[in-house]
There are 2 protein chains.
Amino acid sequence: MAVTIHHVARAAEVSVSTVSRAFTVPEMVHPQTRRKVLQVAEELGYQPNRAARGLVTGRTGNIGVVVPDVANPFFSAVLKGCAARAREARHVVFLADAAEDPRVEAEVVGAMAKQVDGIVLCSPREDSAQLDRLVGIAPLVLLNRADSGLPAVLMDSADGVRQAVEHLGALGHRRIAHLSGPASSWAGEHRLRGLRAAAPACDVEAVELGPFPPTFQGGIQATDLALARGVTAVLAFNDLMAIGVLNRLAARGVSVPEEMSVVGFDDIEMSSMTTQPLTTVRMPMEAAGRTAVDLLLDEQQPGPQLQRWLPTQLIVRSTTAPRMPVPVATR
Amino acid sequence: MAVTIHHVARAAEVSVSTVSRAFTVPEMVHPQTRRKVLQVAEELGYQPNRAARGLVTGRTGNIGVVVPDVANPFFSAVLKGCAARAREARHVVFLADAAEDPRVEAEVVGAMAKQVDGIVLCSPREDSAQLDRLVGIAPLVLLNRADSGLPAVLMDSADGVRQAVEHLGALGHRRIAHLSGPASSWAGEHRLRGLRAAAPACDVEAVELGPFPPTFQGGIQATDLALARGVTAVLAFNDLMAIGVLNRLAARGVSVPEEMSVVGFDDIEMSSMTTQPLTTVRMPMEAAGRTAVDLLLDEQQPGPQLQRWLPTQLIVRSTTAPRMPVPVATR
DNA sequence: ACAGTGTCTGAAACGGTTTGCAGAGTTGGT
DNA sequence: ACCAACTCTGCAAACCGTTTCAGACACTGT
């Protein structure tokens with residue numbers, strides 16, 4: 001059916017070993033033979049069977065990626081980064097959508113384990129103990145979480161919060177709401193630590209609300225609570241929530257940014273497409289995906305497990321303004 | 001390292017064949033033995049090695065999915081459907097992001113071929129000849145394209161256009177613009193055929209504009225052209241474009257839906273989150289992904305290759321209104 | 001004549017599973 | 001008591017396409 005190394009060998013009138021070497025150790029075969037083999041392989045459309053190669057080399061050339069939800073733009077961006085980097089390294093990616101279910105996460109790790117060289121776990125929802133149980137099944141890299149002494153790629157969202165709070169403080173806001181996401185997420189904790197450090201330093205009082213689901217609906221729900229607390233600015237857990245906030249504010253007749261400033265998180269594509277482009281903290285999602293794969297690929301010797309921190313960046317657009325704007329004369 | 005069938009066999013004090021059978025042909029092993037085996041397997045955390053199983057059965061339990069761009073919400077929704085259905089069938093999905101490049105598509109099909117039971121090609125960009133060359137490498141199912149006699153799952157966007165045109169016609173619009181997407185896409189052609197059939201039937205004149213990139217920017221670009229042609233409604237290739245149109249119309253001071261109606265396509269999540277929720281034709285993206293996997297799984301005998309058509313549905317929201325609205329008295 | 005080098009070949013892994021065949025044990029009919 | 005049929009289990013081969021080890025062969029230089 002499919003063309004194997006044997007077909008190529010027969011057609012090129014050499015042994016299978018020679019064909020194999022023509023691909024993997026070119027300098028061990030005569031240039032002329034090599035040329036011939038490569039040409040025949042090309043003609044026949046030969047592509048090495050990675051599974052069979054993995055059988056003897058122990059490396060499959062596949063890397064696994066587990067995300068809580070592919071349809072979430074945050075994760076699809078991460079995934080894109082993983083896929084791109086994997087391709088560059090001539091690897092293929094195994095995807096699993098865990099549907100936000102910790103048990104499914106553990107399960108798919110098991111299912112993929114033997115067919116991949118390593119697995120990237122994106123924002124895993126399971127607790128430390130469950131995570132520990134996964135260690136050893138396959139080389140693991142965490143993304144957006146630090147735990148179990150595993151290598152991880154992290155985004156410095158604490159610094160992102162600092163930038164956002166500083167920005168709002170400079171605009172004269174003295175009382176802002178922070179809408180937190182899922183209760184027990186590492187990213188959420190880290191974010192909150194950043195907030196608690198930054199707020200006093202910027203002479204800003206932070207009203208901590210939540211947890212809310214990190215969705216459009218979550219933002220809607222949170223908005224009324226924020227309004228009731230008399231804040232002049234809102235810091236949302238992510239852009240999806242921020243957009244929900246924007247919508248609810250419009251519905252309640254609160255003008256943005258005049259009466260209320262709104263800051264999101266992530267900088268998903270959508271955030272520059274809203275009628276009021278959103279001020280947000282850009283998370284390097286694609287870069288994080290790439291880095292995670294890098295870590296997996298490098299991870300030859302299990303030395304001291306390293307963490308890679310990626311910087312975040314406040315992107316100021318149209319949803320933040322001075323607390324008491326001076327009226328614009330012309331317009 | 002990893003726990004194999006042999007470990008389980010030793011621990012349960014049976015042979016490997018018995019363990020194997022306990023999983024795959026339960027009725028051939030004594031209930032008591034079976035229970036013991038299953039229990040030990042559970043304790044040891046045994047998970048069958050799918051690659052090894054595939055070695056002898058010829059089925060890997062993996063299915064491949066190739067998309068032009070994971071970060072595109074249309075495809076991430078399709079992907080989610082594929083992943084969900086695959087999981088139900090206890091399969092794992094291999095993902096390849098072709099980065100909109102036809103050559104990459106062909107390449108990854110080759111790379112995945114031996115490790116999967118079949119491949120779902122989503123909106124493949126390559127031409128028929130290239131596609132033909134892929135047939136036979138692995139079982140293929142096309143999504144959002146019909147070609148090369150391959151089984152395919154298709155969405156009836158022609159009927160979607162009909163619904164949209166009918167809707168606009170009923171609202172009194174007589175001259176509408178259609179903004180087409182990528183020039184040579186199957187979906188685009190199909191869409192256009194629907195338009196040309198529906199417009200006369202609804203007494204509507206359709207101004208065909210494009211092709212434009214199927215993005216936010218594409219929508220912005222298209223808007224000015226549409227305005228110059230004096231239409232009162234716009235039918236965009238997809239929601240991303242429609243949102244671009246909405247933005248540009250706002251920037252040009254054209255009020256929606258009073259002065260201009262806008263209809264999108266796909267019904268991505270974002271379209272209900274815009275400040276003006278978008279009227280759009282819902283494409284069953286997730287269902288399409290599921291169906292594609294179904295087709296692959298069923299495709300035991302290569303009988304007459306079938307196509308599965310999925311219905312589309314107009315979702316009327318806030319961006320369409322009568323051409324000459326009667327002023328609302330109260331409010 | 002022999003060691004050394006460059007190039008190639010044959011055949012043995014690689015690995016965890018499934019499965020054909022045979023054998024052990026049990027039941028039931030004569 | 002004996003044979004047949006049946007149920008359950010174990011042994012070992014086969015599965016796949018590749019890599020790689022050990023060696024063969026033909027040269028060259030000494």
Next on the checklist: What is the first contacted nucleotide of DNA chain D and what is the last, in 5' to 3' order, if contact means an atom lying under 4.0 angstrom from a heavy atom of chain B?
Outcome noted: D:dC8 to D:dC16

Next on the checklist: Please check: side-chain N/O of A:Asp266 versus main-chain N/O of A:Met283, any donor-acceptor pairing under 3.5 Å?
Outcome noted: no

Next on the checklist: Please evaluate residues B:Trp186 and B:Leu142 with respect to the criterion side-chain contact (heavy atoms from CB on, under 4.5 Å), reporting the C-alpha separation (whole Å), side-chain torsions for both, the decisive distance (0.1 Å), and the verdict.
Outcome noted: CA-CA 11 Å; B:Trp186 180 91; B:Leu142 260 30; over 6 Å; no

Checklist entry - When rounded to the nearest 0.5 angstrom, what distance separates CD1 in A:Ile63 from CG in A:Leu95? => result 10.5 Å

Checklist entry - Taking A:Thr60 for the side chain and A:Gln115 for the main chain, is one N or O donor matched with an acceptor at less than 3.5 Å? => result yes

Next on the checklist: Under the side chain to side chain donor-acceptor pair (under 3.5 Å) definition, can you give me all pairs with a residue in residues 118-131 of chain B, not counting sequence neighbours?
Outcome noted: B:Glu100-B:Arg125, B:Ser123-B:Asn144, B:Ser128-B:Asp147

Next on the checklist: Counting Watson-Crick and G-U wobble pairs with both distances under 3.5 Å, what is the dot-bracket string for DNA chain C, 5' to 3', using [ ] for crossing pairs and | for pairs to another strand?
Outcome noted: ||||||||||||||||||||||||||||||

Checklist entry - First and last nucleotide of DNA chain C in contact with chain A, 5' to 3', at under 4.0 Å to a heavy atom: what are they? => result C:dT7 to C:dG15

Checklist entry - In terms of the nearest nucleotide of DNA chain D, which residue is placed more toward the 5' end: B:Val14 or A:Thr4? => result B:Val14

Next on the checklist: To the closest 0.5 Å, what do you measure between CD (A:Glu269) and CG (B:Asn72)?
Outcome noted: 8.5 Å

Checklist entry - Looking at CD of A:Glu286 and CG of A:Leu79, how far apart are the two atoms once the value is rounded to the nearest 0.5 Å? => result 10.0 Å

Next on the checklist: Using modelled atom types and a 3.5 Å cut-off, is there a donor and acceptor pairing between side-chain atoms of B:Ser20 and backbone atoms of B:Val16?
Outcome noted: no

Checklist entry - Within the distance-only criterion (no hydrogens, no angle test), does the side chain of A:Asp97 pair as donor or acceptor with the backbone N or O of B:Lys80 below 3.5 angstrom? => result no

Item to check | A:Asp117 side-chain N/O to A:Gly61 backbone N/O, donor-acceptor pair under 3.5 Å | outcome: yes

Item to check | Nucleic acid contacts - residues 16-37 of chain A versus DNA chain D, non-hydrogen atoms under 4.0 Å | outcome: A:Ser17, A:Ser20, A:Arg21, A:Thr24

Checklist entry - Would you say B:Arg21's side chain and B:Met28's backbone share a donor-acceptor pair under 3.5 angstrom? => result no

Checklist entry - Going by number, which of residues 46-57 of chain A have a non-hydrogen atom under 4.0 Å from DNA chain C? => result A:Leu55, A:Val56

Checklist entry - So, does A:Arg34 use its side chain to make a donor-acceptor pair with the main chain of A:Val29 at under 3.5 Å? => result no

Item to check | Result of checking B:Leu140, B:Leu150, B:Val67, B:Val141 against B:Leu121 for side-chain contact (heavy atoms from CB on, under 4.5 Å) | outcome: B:Leu140

Checklist entry - Is a side-chain donor or acceptor of B:Thr57 paired with a backbone partner of B:Arg59 at a separation under 3.5 angstrom? => result yes

Checklist entry - Distance only, no hydrogens: is a donor on one side chain within 3.5 Å (strictly under) of an acceptor on the other, for B:Ser15 and B:Thr18? => result yes

